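One structure is given below, encoded as structure tokens.
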Amino acid sequence: MKRLLYKILPACLLVVGLQGCDDETRYNPLPEAVPLTMAVNGKAFAMGEHLRVDIEVNKDAEGNEVNPNEDFDIYFTAKSGNEDASNLFESFSRIVTFPKGETKIQVDFPVKKEGLKGHKNLNFVAFARGYKMANSSAVIKVSDYYRITMSLENNLDNTVLDGGKCVLVAKIDKPRSIPVRVQITPKEGDGDFYSGLPESLIIPAGETMVKSSAITLALNGYPGKSKELVLSFDSSSKDNPMTEPTISIILKGIDDPNLYDMTKVYANPEEMFVSKTDSWFSGKPTVEMKGGYAHSNAELGAAGWKFDSAVEFHHIARCIDAKPETNKPKGFADATDAATNNMIINNLKYSNLNEEGRLVIWAGKEGGKYGTSAYHCAKTGGAIYIQNFTRIYPGMRIEVKARLRGDRTGFVPIIELKSAVQAKAKNQTICILRNTKGTSITQSVTGGKIPDSKAKTTAMPQADEDNIYWVEFVDEEHINLGINGTTTLSVSKNDLASWPFDKASTGSSVGYKGLFLVVKMALLSDLDGVTMPDGWDSNLGLIDPSKYETEGPRMDIDWIRFYTNSNYKRTADETVNSTALY
């Protein structure tokens, strides 16, 4: 009898076990996360309007339609910096349940109908525990009205040099169905400082912006070195008042005219160097250049500087990467070592050699990280790739014609020479341009250790326009830096505790010889260890990513030119690529 029970018992247990598994499969499926995307119906909202948020289920990795097999909660927050901003809405749904089996829900957040004053930029975030959500945060602007903001185009500091020009810009967050006029009135007694100041600007119906023609500002014999000018504005629409009723402009006298004058380097700075003709050059100023030609500037030519090479960024085949999906420049490689925990380097996405013939590099935001562009050239290794068109040794002068654009708060445009030896990359640096704040330009020479350096910061009110930034690696003991026709900083071997700028120190046993040139946008927090305040990037968040190239923080470069003098020495084994990139 016992033997019979022992034989029957396992079979019974198996049946019970199978029955239990079957019930669990049919009635208790395990939750499976589905991919989600958040989308909002705009970036700017005024009193009485509705922020509508769509949460949608995406297709899975194989492209199949999926839907959730459980109810789950989505959590919403709206903050201005660290401050909770949910009180800007009539009602704010902090937790919303996404129903099982659905593929899309919409959540309504009505903005208060009255009582708001001014505007706030908010970071609106959605979160679902255990679920991945694309575009889960959005920067939005909530205002009492759609106000009109006045600014100077490409001029963050509102500073204009004596005799210089500026352009007034009137901008509204959303277009109106009727034109809106902005009346412009200079402060009493200031009228004589303007030439070409319009009485008003009209934002056309259906448009969000209008620009004035160029306005010339001049001190006209005013005895002071600078003058604060004030313009007042008045909107024709009570529903579209001004963000600020006035704007102050600093009209600055010129202490050193050479500092702002590119013609002190080239008689025609717009003239492009060409190695051979192309139809793209038709109607453009050009000059044929060859290695060994003396610098066209009489003083620089007399000093012995002769043409070596150039990257002119012409929008033609010989200057553009052959891959069809990109307008990356030939002669440059991706400086992927510039990436950080907070910054992604993606030159395909954040740079462009445009039809004007300029290399534009910019910064943007993707997900929780920032994206930007970083390139290097002349990083000569064992192989002679196209980027190895020269070697940067003592006896070389490098000139860069560049301009800085957009709100660069927190983003730092940099052009520098670095050691090709990776272990020394943070040292042994010659910085041609670093723009940390406003329109101030820092140039420096750093020795073998970070504190071992000399630097000069120059106020450049017109940094948003083209300037020529240059370095003369004169010989093994002297380095000069400058802007346009002025030498801003001279550093000699005796000025630093360590001097790794003789030719022998710029090479290594692994084939890298000479310094190399880097152009990039960096994060201030990564460079200087600064903790940025909450909301510092809110203006960036309000820019459509498709417009980062023209509206975001950016630097664009017209050309980079290399000259050598008699101190420049290259041995027979230090060959370069002979492809002309101009």
Side-chain angles (χ1 to χ4, degrees), residues 147-173 176 179-204 207-238 240-264 269-270 403-408 437-441 458-467 483-485 539 550-551:
R147 292 176 175 266
I148 300 170
T149 301
M150 302 297 296
S151 64
L152 298 188
E153 184 181 33
N154 296 319
N155 192 327
L156 296 178
D157 296 337
N158 289 350
T159 300
V160 180
L161 294 174
D162 184 17
K165 299 180 185 296
C166 65
V167 172
L168 272 174
V169 180
K171 190 173 184 180
I172 193 169
D173 290 323
R176 290 292 312 274
V180 180
R181 179 188 295 271
V182 179
Q183 193 71 29
I184 303 169
T185 307
K187 181 180 176 181
E188 186 176 356
D190 284 355
D192 290 342
F193 293 97
Y194 300 92
S195 177
L197 178 69
E199 292 183 358
S200 64
L201 290 175
I202 297 175
I203 302 176
E207 301 291 334
T208 59
M209 183 176 64
V210 66
K211 299 179 183 180
S212 73
S213 298
I215 304 163
T216 301
L217 300 182
L219 288 170
N220 290 327
Y222 179 77
K225 291 186 177 181
S226 64
K227 169 73 174 174
E228 182 182 19
L229 304 176
V230 178
L231 292 175
S232 296
F233 309 106
D234 187 40
S235 169
S236 64
S237 170
K238 63 180 179 59
N240 304 108
M242 307 305 301
T243 302
E244 297 290 343
T246 63
I247 189 173
S248 293
I249 302 170
I250 302 300
L251 176 54
K252 179 180 170 60
I254 300 176
D255 295 326
D256 179 6
N258 293 339
L259 179 65
Y260 310 105
D261 191 353
M262 290 191 294
T263 66
K264 297 300 180 181
E270 306 306 314
R403 63 190 180 196
L404 312 176
R405 294 284 172 95
D407 181 356
R408 300 181 296 279
K437 183 178 181 181
T439 51
S440 296
I441 304 298
T458 304
M460 287 297 295
Q462 61 178 39
D464 297 311
E465 297 301 332
D466 277 319
N467 292 285
I483 304 172
N484 298 317
N539 287 341
T550 55
E551 297 182 11

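Atoms considered below: every heavy atom in the structure, side chains included; atoms not considered: hydrogens, waters and symmetry mates. What you see is a predicted model; the values in this text were computed from it and never measured.
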Looking only at atom types and distance, does a side-chain atom of [X] sit under 3.5 Å from a main-chain N or O of [Y], one as donor and one as acceptor?
X      : Y      : value
Asp162 : Leu219 : yes
Asp157 : Thr439 : yes
Arg405 : Asp464 : yes
Gln462 : Leu161 : no
Asn484 : Asn258 : no

* **Side chain proximity check, Pro461 to Val160, heavy atoms < 4.5 angstrom** =>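 Side chain of Pro461 against side chain of Val160, heavy atoms only: no contact under 4.5 Å found.
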* Asked: Does any non-hydrogen side-chain atom of Asp234 lie less than 4.5 Å from one of Thr185?
  ->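 Side chain of Thr185 against side chain of Asp234, heavy atoms only: no contact under 4.5 Å found.
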Reported [atom1]-to-[atom2] distance for the pair [X] and [Y], which is rounded to 0.5 angstrom:
X      : Y      : atom1 : atom2 : answer
Thr246 : Leu231 : OG1   : CG    : 9.0 Å
Asp466 : Leu404 : CG    : CG    : 9.5 Å
Ser213 : Lys165 : OG    : NZ    : 10.5 Å
Leu259 : Ile483 : CG    : CD1   : 5.5 Å
Ser226 : Ile249 : OG    : CD1   : 13.5 Å
Leu168 : Leu197 : CG    : CG    : 6.5 Å

* Lys/Arg-Asp/Glu bridge criterion (N-O < 4.0 Å) met for Lys171, Glu207 ->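 Answer for the salt bridge query: no.
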Can you name the nearest heavy-atom pair linking [X] to [Y], along with the distance?
X      : Y      : value
Ile215 : Pro198 : CD1-CD, 4.0 Å
Ser248 : Val230 : OG-CG2, 3.9 Å
Met460 : Asn467 : CE-OD1, 3.5 Å
Val210 : Ile203 : CG1-CG1, 3.8 Å
Thr216 : Gly163 : CG2-O, 4.0 Å
Cys166 : Leu217 : SG-CD1, 4.2 Å

* Listed partners of Phe193 passing ring pair (Phe, Tyr, Trp, His ring centres under 6.0 Å), at least two apart ->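 Checked Phe193 against ring pair (Phe, Tyr, Trp, His ring centres under 6.0 Å); matches are Tyr222.
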* To do: Go through the structure and list residues passing side chain to side chain donor-acceptor pair (under 3.5 Å) with Asn539, not counting sequence neighbours.
  =>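 Asn539 satisfies side chain to side chain donor-acceptor pair (under 3.5 Å) with Asp407 only.
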* To do: With sequence neighbours left out, write down each residue that passes side chain to side chain donor-acceptor pair (under 3.5 Å) with Arg176, or none if nothing qualifies.
  =>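 Arg176 satisfies side chain to side chain donor-acceptor pair (under 3.5 Å) with Ser237, Asn240 once adjacent residues are dropped.
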* Verify side chain to side chain donor-acceptor pair (under 3.5 Å) between Thr149 and Thr243, making sure each step is shown before the conclusion. => CA-CA 5 Å; Thr149 301; Thr243 302; 2.8 Å; yes
* To do: Could you walk me through whether Arg147 and Met242 pass the side-chain contact (heavy atoms from CB on, under 4.5 Å) test, one step at a time?
  => CA-CA 5 Å; Arg147 292 176 175 266; Met242 307 305 301; 5.8 Å; no
* salt bridge (charged side-chain N to carboxylate O under 4.0 Å, His left out) between Glu228 and Lys252, worked out -> CA-CA 9 Å; Glu228 182 182 19; Lys252 179 180 170 60; over 6 Å; no
* Asked: In a check of side chain to side chain donor-acceptor pair (under 3.5 Å) between Arg181 and each of Ser236, Ser235, Ser200, which one passes?
  ->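 Running side chain to side chain donor-acceptor pair (under 3.5 Å) over Ser236, Ser235, Ser200 with Arg181 returns exactly one hit, Ser200.
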* Given the rule in the side-chain contact (heavy atoms from CB on, under 4.5 Å) test, do Met150 and Leu201 qualify, once you have shown the distances and angles that lead to the verdict? -> CA-CA 10 Å; Met150 302 297 296; Leu201 290 175; 4.2 Å; yes
* Could you please spell out the steps behind the side-chain contact (heavy atoms from CB on, under 4.5 Å) verdict for Ile184 and Phe233? => CA-CA 5 Å; Ile184 303 169; Phe233 309 106; 4.0 Å; yes
* To do: State whether the number of non-hydrogen atoms from other residues, nucleotides or ligands found under 6.0 Å of Asp256 atom CG is greater than 12.
  =>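 More than 12 heavy atoms, drawn from other residues, nucleotides or ligands, come within 6.0 Å of this atom.
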